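Structure first, commentary second.
When a residue number appears, it is its place in the shown sequence, counting from 1. These figures come from a predicted structure and were not determined experimentally.
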Amino acid sequence: MDENTRYQVLRNDEDQYSLWPVDIAVPEGWQPVGKEGTEQECSAYVDEVWTDMRPRSLRERMQNAEV
């Protein structure tokens with residue numbers, strides 16, 4: 001990839017995020033979240049919204065164990 005590559009932010013069912021080039025088909029199991037831009041712009045967005053790096057299933061198990 002080069003500095004002119006445009007990216008989109010993807011999220012999977014575990015609420016994990018990834019940057020993906022906009023001109024490559026989105027892989028199965030991932031959905032675009034509506035953010036596109038440079039690698040830096042998309043990384044900044046992910047840093048802002050992905051505040052808990054644990055997969056959703058682990059967060060739910062841990063939360064249920066506390067009850």
Side-chain angles (χ1 to χ4, degrees):
M1 302 297 156
D2 63 40
E3 60 197 38
N4 296 321
T5 301
R6 299 284 297 168
Y7 290 89
Q8 60 184 322
V9 178
L10 306 180
R11 185 176 59 218
N12 67 16
D13 292 338
E14 287 286 342
D15 293 334
Q16 297 169 310
Y17 288 82
S18 181
L19 305 186
W20 199 255
V22 296
D23 59 345
I24 297 177
V26 173
E28 189 174 324
W30 293 85
Q31 301 82 35
V33 300
K35 175 64 178 174
E36 292 185 9
T38 65
E39 183 177 13
Q40 183 177 2
E41 291 168 335
C42 290
S43 283
Y45 173 82
V46 170
D47 288 344
E48 183 179 321
V49 298
W50 195 11
T51 57
D52 189 341
M53 303 294 277
R54 298 173 297 169
R56 181 174 44 86
S57 59
L58 176 60
R59 291 192 317 262
E60 290 172 355
R61 277 196 311 266
M62 292 177 76
Q63 185 176 13
N64 290 337
E66 293 173 2
V67 177

Original post:
Out of curiosity, does W30 fall in the hydrophobic cluster containing I24 (side-chain heavy atoms, cut-off under 4.5 Å, transitive links)?
Top reply: yes
Given Q8 and L10, is the side-chain contact (heavy atoms from CB on, under 4.5 Å) satisfied, shown in steps? CA-CA 6 Å; Q8 60 184 322; L10 306 180; 3.9 Å; yes
Nearest heavy-atom contact between C42 and G37 is SG-N, 3.5 Å
Query raised in the report: Is there side-chain contact between W20 and P27, with heavy atoms separated by less than 4.5 Å?
Result: yes
Shortest non-hydrogen pair, E41 vs K35, comes out as O-CE, 4.0 Å
Margin query: Please verify the inter-ring angle class for Y45 with Y17; under 30° counts as parallel, over 60° as perpendicular, anything in between as tilted.
Written below: perpendicular
Practice problem: Can you establish whether the number of heavy atoms outside Q31 located under 6.0 Å from its atom CD is more than 12? | Solution: yes
In this structure, CG of L58 is separated from CE of M53 (nearest 0.5 Å) by 13.0 Å
* Would you mind reporting whether D13 and R56 have side-chain heavy atoms less than 4.5 Å apart? => yes
Quiz item: Are L19 and V49 joined in one hydrophobic group, where the rule is that I, L, V, M, F, W and Y side chains link up if heavy atoms are under 4.5 Å apart?
Solution: yes
Original post:
Is a side-chain donor or acceptor of W50 paired with a backbone partner of D52 at a separation under 3.5 angstrom?
Top reply: yes
*For E14 and S57, indicate whether the former's side chain and the latter's backbone hold a donor-acceptor pair under 3.5 Å.*
yes
